[in-house]
Amino acid sequence: MLRLIGVSLVASLTFLIYDMVSTLDNEVEFIWKRPNSSWIKWQFLFTRYFTLASQICNCSINFTIVSSSLDLGLLRGWYTSQAVVSDIIVTAVEILLMLQLYALYNKSRKLAAVFCFMVFAETVALIIGIVFNPPGDEFHLVSILDATHDAFTYSGFSSMVSQTVIVILTWVKYREAVHGGWGANPIISLIIRDVTAVFCMIFGPSLQAFPFVVKTHPEQSHAWGSRC
């Protein structure tokens, strides 16, 4: 099973590298040439290359587990770090989408406050999930294969809420654009595409994984209620 996971990780890494190489010319043209004072430039580069670095680390650790034995404490740390890394990547992507909407809504301070709260809530949800659900004595190598860290439930739920808000705000603005006669604007079309694609890629897998999480951790279906 570990070898099968390793193959899927390599396939994902290969696709990621292919995508980065095939769009490198656009990245150089529109991102690298931006001034170093542009924090959006660094936000984009962080999102792009942090994802690559985390995928390379995942592949390396998986092959290490297959070829040799690792200390159980290190495995617990890696098991927990997967939830942290995943949340960082998703949040980074969400921030890029939020920036697009922030510009569309004429840099509304109220909207900026809402987005800041959403990011804060996701971070708090992740921390709560990690603090209240550390890998215990029952943790073993097979846990990596047959279970996900409980923190995924917390951060995944808050992420789906944030994504839903982003999608709603995007389509509201798109409707205004259509009625205003500028709905065919390429920027509007691009934002609609990006937001919808990210929503499907994040919400879809999360929805598919929910039955698995409930099956492996049935107590998580009551986790939020029991801790509120």
Side-chain angles (χ1 to χ4, degrees), residues 9-60 81-82 84-123 126 155 159 162-178 180-205:
L9 287 174
V10 171
S12 300
L13 178 60
T14 302
F15 177 80
L16 180 61
I17 293 176
Y18 169 78
D19 176 70
M20 295 179 69
V21 171
S22 62
T23 58
L24 184 60
D25 55 340
N26 290 329
E27 180 182 331
V28 172
E29 178 68 23
F30 299 108
I31 301 298
W32 290 11
K33 292 182 178 181
R34 295 179 69 92
N36 291 334
S37 59
S38 172
W39 67 275
I40 295 180
K41 168 184 178 178
W42 299 112
Q43 169 72 17
F44 176 88
L45 293 176
F46 171 81
T47 303
R48 193 167 176 89
Y49 290 99
F50 180 79
T51 303
L52 176 63
S54 65
Q55 191 68 9
I56 292 174
C57 288
N58 271 337
C59 289
S60 301
S81 70
Q82 287 184 307
V84 177
V85 170
S86 175
D87 185 75
I88 290 175
I89 294 173
V90 171
T91 302
V93 173
E94 288 175 351
I95 289 175
L96 287 175
L97 298 178
M98 290 174 182
L99 289 173
Q100 292 177 339
L101 283 175
Y102 177 65
L104 273 182
Y105 279 83
N106 297 319
K107 299 182 179 181
S108 168
R109 291 187 177 182
K110 291 182 179 180
L111 185 61
V114 171
F115 286 158
C116 289
F117 175 78
M118 287 163 53
V119 173
F120 175 76
E122 286 189 39
T123 304
L126 175 68
S155 61
S159 177
S162 297
Q163 282 294 317
T164 301
V165 172
I166 290 174
V167 168
I168 292 174
L169 289 173
T170 301
W171 283 96
V172 166
K173 182 57 68 173
Y174 176 70
R175 185 175 180 180
E176 291 180 6
V178 170
W182 50 285
N185 187 297
I187 296 179
I188 296 295
S189 302
L190 182 62
I191 293 177
I192 288 289
R193 185 202 67 183
D194 290 348
V195 169
T196 304
V198 171
F199 179 79
C200 293
M201 286 188 290
I202 293 178
F203 185 80

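Any value given below was found using the heavy atoms of this structure, including those in side chains, with hydrogens, waters and symmetry copies removed.
Crowding of F50 atom CZ: a count of heavy atoms from other residues, nucleotides or ligands under 6.0 Å exceeding 12. Heavy atoms of other residues, nucleotides or ligands lying less than 6.0 angstrom from OH of Y105 number more than 12. The 12-atom threshold is exceeded at OH of Y49, counting heavy atoms of other residues, nucleotides or ligands nearer than 6.0 Å.
Proximity of L169 to L111: side-chain heavy atoms (C-beta onward) are separated by under 4.5 Å at one or more points.
To the nearest 0.5 Å, atoms CD1 (I89) and CZ (R48) are separated by 13.5 Å. I56 contributes atom CD1, which lies 5.5 Å from atom CG of L13 (distance to the nearest 0.5 angstrom). The distance from the CG atom of D25 to the OG1 atom of T23 is 7.5 Å, given to the nearest 0.5 Å. One finds the CD atom of E122 at 6.0 Å from the CG atom of D87 (value rounded to the nearest 0.5 Å). Atom CH2 of W42 sits about 13.0 Å away from atom OG1 of T47, to the nearest 0.5 Å. Atom OG1 of residue T91 and atom CZ of residue F120 lie 13.0 Å apart, to the nearest 0.5 angstrom.
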Task: Stepwise side-chain contact (heavy atoms from CB on, under 4.5 Å) test for E94 and M118 - done: CA-CA 10 Å; E94 288 175 351; M118 287 163 53; over 6 Å; no
- [ ] Go through Q163 and L97 one step at a time and tell me if the side-chain contact (heavy atoms from CB on, under 4.5 Å) criterion holds.
- [x] CA-CA 9 Å; Q163 282 294 317; L97 298 178; 4.3 Å; yes
TODO: Go through the steps to decide whether F46 and I95 satisfy the test side-chain contact (heavy atoms from CB on, under 4.5 Å), and finish with yes or no.
DONE: CA-CA 12 Å; F46 171 81; I95 289 175; over 6 Å; no
Open item on the list: Working note: M20 + T51, criterion side-chain contact (heavy atoms from CB on, under 4.5 Å); need CA distance, chi angles, decisive distance, verdict.
Closed with: CA-CA 11 Å; M20 295 179 69; T51 303; over 6 Å; no
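Heavy atoms only, all atoms of each residue included: F44 and E27 are closest at CE2-CG, 4.0 Å. Residues Y102 and A112 share a closest heavy-atom pair of CE1-CB, 3.8 Å. In this structure, A92 and Q43 approach most closely via the heavy-atom pair O-NE2, 2.9 Å.
The aromatic rings of Y174 and W171 sit perpendicular, their planes meeting at an angle over 60°, well past the 30° parallel limit.
Of the residues listed (L24, I31, N26), the one engaging V28 in a side-chain contact (heavy atoms from CB on, under 4.5 Å) is L24, and it is the only one.
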